[in-house]
2 protein chains.
Amino acid sequence: MARKSKIQSDRPTLVDVAREAGVSAITVSRTIRSPEIVSERARRKVEEAIRKLGYTPDPAASALASRSTSTIGLLVPSLTNNVFADVLRGVYEGVEGTRFFVQIGNYRYSALSEEGLIRNFLSQRPAGLIVSSMDQTPAGRKLLEEAPCPVVQIMETSVDSVDMSVGFDQLEAVRAAARHVAECGYRRPGFLSARMDPRAQRRLAAFREVAAAHDMLDEARIITTPQPSSVGMGRHLLEQLLARAPETDAVICNNDDLAVGALMEAIRRNIAVPEQLGICSYNDIEMARHMVPALSAVATPRREIGRRAIAMLLAEIEAPGSVRERHIDLGYELVVRESTSSR
Amino acid sequence: MARKSKIQSDRPTLVDVAREAGVSAITVSRTIRSPEIVSERARRKVEEAIRKLGYTPDPAASALASRSTSTIGLLVPSLTNNVFADVLRGVYEGVEGTRFFVQIGNYRYSALSEEGLIRNFLSQRPAGLIVSSMDQTPAGRKLLEEAPCPVVQIMETSVDSVDMSVGFDQLEAVRAAARHVAECGYRRPGFLSARMDPRAQRRLAAFREVAAAHDMLDEARIITTPQPSSVGMGRHLLEQLLARAPETDAVICNNDDLAVGALMEAIRRNIAVPEQLGICSYNDIEMARHMVPALSAVATPRREIGRRAIAMLLAEIEAPGSVRERHIDLGYELVVRESTSSR
DNA sequence: ACGCACGATGACAGCGCAATCATTTTGTCT
DNA sequence: AGACAAAATGATTGCGCTGTCATCGTGCGT
C-alpha cells in the first residue's frame, strides 16, 4: 500500500529528477524544453540528475498537458511505390536532428482509408500533417481545413489546396512526354497505366488531349488496369497493347515500373527500341537511366518535394503564418535518353 | 473565467459523452474498450452520444492513464531498400483491422541511430516492437531485453534473440547461391556487395567459405563498397570487378539492385549472360524475374517475415507468454532462371 | 541608496482517461 | 420469497507533465 510501491520497471519522473537535482519539477521541465531560460547552475544540476537517473520524458503526459505533440503525420498512398520512397527520404532528411518525428500512414490508394487516417492522426494532435494528394473525400478535406495544425499537400500544387502545397504540374509533365514522342516523329503512341487513382486518371486525360491535338489519339492504344503497378504488369500491359494495336510505334508509361516492364517485353519480342518502339517513362527513378537502352523519361522532383514539404511545415510550426511562399511548383524535367529517338 | 471556456476546437471528452448519454464516464470508457461487459441499453445510448458529438478518444490521455499504447514500433535500416518495403507490406497487412498502428523508425544502417530510436520508442510505452536485426549496440540490446513489451527480431532467426525472432538462415542462403554457381560449372566467381552492414559482412564471409571449399576463391574478385546499393552501383561494381579480374565468369550479387545493374553493364559490354558471365541475385524482388535474361536468385521470404512477425507480436500482446514457437525459420528458395546455366 | 524591471524559480491545478474498489442492479437457486 | 452470486455501473483518484500565475532575487538607472 506504499504510495510509491512501483510494480515494475517504473521510470523516473520529473519529480524524481527534481528531487535529485534539488530544484522544482517545473525547472526540470524547462531545462528540457527551453534551456536558455534556465540559469547555468540549475541547468547543470538538472542535466547531471537526468543522466544519473536515466530519465526519459513521457511523451504521453507531455501531450496531455501541453495539448500538442512532436509528431508529424505523413500520409502516403503506397509504401512500395518507389515514388513515395523517394519522398520519404526527403522528408526524413528534413526532420533529422529536430525534435520532431515522422509517423507514416499508408492508405493504399483508398480515399476512405485516407479519411480514417486523417481522423486518427488528428486525434493525436500532431504538430503538422503532410498528405500526398488533393483528392480527399469531402469529409477528409473538411477535417484538413479545420485541422489545428499546419498541413502541406504534396505532389501537385494549387492555390486551392487546404493550406500549403509543394509539387509540380503533373498534367504539364505528361503533356511534355506526349509532345516529345510526337516531336520524335512517332505517330501511333500508346499509353500504359496501372493503379488508376484520380491522379493517374488526370494524367491519362492530359495524354489524350495532347495526342488528339497531334491527331494521333486512338483509344485502342490506351491500356489501363486498376491493379498495382509493377514490372510484370508493364510487360503484361505492353502485351495487351500490341495484341490490340500492333501498329503502335511508341508507348508512354505512367510510371517507371511499367516502362521497365514494357522495355523488357519489347526486348523479349525482339522489338527494337527506340527504332520500332519508342518508350517514355514517368518519374525517372534511379533504375530507369541504367536500363539498356536507357529510358527517356519525365523526371519528377520527388525527393525535393519531401525536403521542401517538411521544411515548410517545420517553419510554419515554429512560427505560424511565417511561411510566405505557400505554394511551391518545383517543375519537372524531360530527360531524353536512348529509348526514344527522332526518326 | 467560466470553467468550461473552451478557447478553440476543443473536442468533446468522455465526460461530455457521458453526460449526453446519461451514464458515467467510466461506462463510456468501457463501451469503447470492452463493449461486451456493458449492457445492451447503455451501449446503445453511449454509441448514439458518441456519434452525435463526434467524439474521438484522446490517445495521449489513454496512454497516460493506462500506461500503455496501441503503437507497434517497427525499426528498419532503410526505407528505400525494396527488401524492407516488402517486409512493411507484410506487417501492414497484419495490423490492418486491429486496434494497433505501426510507427516506423528508420535508422539508416546506423546502430547508434538504432539505439536512439529504441530508446525513443520505448519511452512511448509501445505495445510491441519489431527490429530488423540482431546487431544492436550492447546498450541497445540491453534496452530490448528489459523492454516492458514483446519484441520480435526479424530477417534472421536465432534462439539467442532478445525475445522472439522470424527470419531465415542468411548464411545458408548465400551458400546455396555459391553452390549453385559452382554446380553450374562456373569456376571464377566474383561477389558484389554494397552497404557493408554486419549482415552483408556475414554473407560475404559465407560466400568466401563456400568459394574456398570449391577452390574458387580469389579476393581480387570480391568487390564491396560502404555506399548504398543501387542499380548504378551494380554497374559500377561490375566494371571494377572486370577491370581487376577479367577472368571472372560469374558474379553473385548481395542484392537485386546490384544484380540488375551488373546485368545491364554486362549487356552494355556485349558480355553474354549466362554464357560468358553467370549472375545470381539475392532477395529476388519482383523486378528480377522480368529482366532479360531473367535473373536467377535466392528468393527470401520478406513479406512473409513481416506477416509472421506482426502475427506473433499481436498474439503475444493479447496473451503474454502464449506464443509457443518463438523462433521461426521461414527458409529461402533458390530460383534458377536464365542468368545462370550449366556449362 | 532606492525603486524598478526583468530574469529565474516555484506552487498549484488540471489535461482526459483508466485502475481500483465500492455500490447497485439483476438473475438464479432453493 | 429470500439469499446469494454475478453482472452492471459508478465515485474517486492519480498517471506525468505543462500552463498559469505568483514570488523571489539580481542588476540597473537615477
Side-chain angles (χ1 to χ4, degrees), chain A residues 1-46 50 53 55-70 99 123-125 127 148, chain B residues 1-46 50 53 55-70 99 123-125 127 148:
Chain A
M1 280 302 128
R3 290 272 286 85
K4 279 284 177 181
S5 81
K6 306 286 189 162
I7 315 298
Q8 57 147 346
S9 87
D10 258 291
R11 314 176 316 182
T13 71
L14 266 191
V15 176
D16 298 325
V17 176
R19 194 183 312 117
E20 178 73 27
V23 298
S24 72
I26 188 68
T27 298
V28 177
S29 173
R30 282 196 275 248
T31 48
I32 292 169
R33 290 181 298 157
S34 9
E36 71 281 4
I37 65 165
V38 173
S39 70
E40 178 85 18
R41 224 174 105 267
R43 188 171 356 126
R44 261 207 286 273
K45 283 191 298 180
V46 170
I50 288 178
L53 299 181
Y55 169 76
T56 335
D58 183 330
S62 170
L64 183 57
S66 70
R67 307 165 135 273
S68 73
T69 66
S70 298
R99 66 186 184 87
S123 78
Q124 297 180 53
R125 308 178 185 282
Chain B
M1 284 302 127
R3 291 271 287 83
K4 278 284 174 183
S5 81
K6 306 285 188 166
I7 315 298
Q8 58 149 346
S9 87
D10 259 289
R11 313 175 317 181
T13 70
L14 268 190
V15 176
D16 298 326
V17 176
R19 195 184 310 117
E20 178 72 27
V23 298
S24 72
I26 190 66
T27 298
V28 177
S29 174
R30 282 196 274 249
T31 46
I32 291 168
R33 290 181 301 155
S34 8
E36 71 282 2
I37 66 165
V38 173
S39 70
E40 178 86 19
R41 223 173 107 268
R43 188 171 358 127
R44 261 206 286 272
K45 283 191 299 181
V46 170
I50 287 177
L53 300 181
Y55 169 77
T56 334
D58 183 329
S62 170
L64 184 57
S66 70
R67 305 164 135 273
S68 74
T69 66
S70 298
R99 66 186 183 88
S123 79
Q124 298 179 54
R125 306 177 186 281

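Nothing here was measured: the structure is a model prediction, and the numbers come from that model. Order of the sequence lines sets the chain letters (A, B, ...), proteins ahead of strands, with each chain counted from 1.
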Treating A:Arg99 as the side-chain partner and A:Arg33 as the backbone partner, does any N or O pair qualify as donor plus acceptor under 3.5 Å?
no

Kindly say whether B:Ser66 contributes a backbone atom to a donor-acceptor pair with the side chain of B:Arg125 at under 3.5 angstrom?
no

Side-chain N or O of [X] versus OP1/OP2 of [N]: is the shortest distance under 4.0 Å?
X       : N      : value
A:Ser66 : D:dC17 : no
A:Ser29 : D:dT18 : yes
A:Arg33 : D:dT18 : yes
A:Thr27 : C:dG10 : yes
A:Ser39 : C:dA8  : no
A:Thr13 : D:dG16 : no
B:Arg67 : D:dG16 : yes

Through what angle, rounded to 10 degrees, does the axis of the helix from C:dA1-D:dT30 to C:dT30-D:dA1 turn between its ends, using five pairs per end?
30°

Assess whether one donor atom and one acceptor atom, taken from the side chain of B:Arg30 and the base of D:dG10, lie less than 3.5 Å apart.
yes

Roughly, in whole Å, what's the span from [atom1] in [X] to [atom2] in [N]?
X        : N      : atom1 : atom2 : result
B:Arg41  : C:dT25 : CZ    : P     : 12 Å
B:Arg125 : D:dG16 : CZ    : P     : 6 Å
B:Glu40  : D:dA7  : CD    : C1'   : 15 Å
A:Leu53  : D:dG16 : CG    : P     : 14 Å
A:Ile37  : D:dT18 : CD1   : P     : 12 Å
A:Ile50  : D:dC17 : CD1   : C1'   : 14 Å
A:Arg11  : D:dC15 : CZ    : P     : 14 Å
B:Arg44  : D:dT9  : CZ    : P     : 13 Å

Exercise: identify the closest heavy-atom pair between [X] and [Y]:
X       : Y        : answer
B:Pro59 : A:Ser123 : CD-O, 3.2 Å
B:Arg11 : B:Asp16  : O-OD2, 4.3 Å
A:Thr31 : A:Val28  : OG1-O, 2.6 Å
B:Ala25 : B:Leu14  : O-CD1, 4.1 Å
A:Ala42 : A:Thr27  : CB-CG2, 4.4 Å
B:Ile37 : B:Arg30  : CD1-CD, 3.4 Å

Please classify the nucleic acid contact of [X] as base, sugar-phosphate, or nothing, using heavy-atom distances under 4.0 Å.
X       : answer
A:Val38 : sugar-phosphate
A:Ala42 : sugar-phosphate
A:Ala60 : nothing

Nearest to the side chain of [X] - [options]?
X       : options                : answer
A:Ser24 : D:dT18, C:dA11, D:dG14 : C:dA11
B:Leu64 : C:dA19, C:dC17, D:dC15 : D:dC15
A:Ile26 : C:dT9, C:dG14, C:dG10  : C:dG10

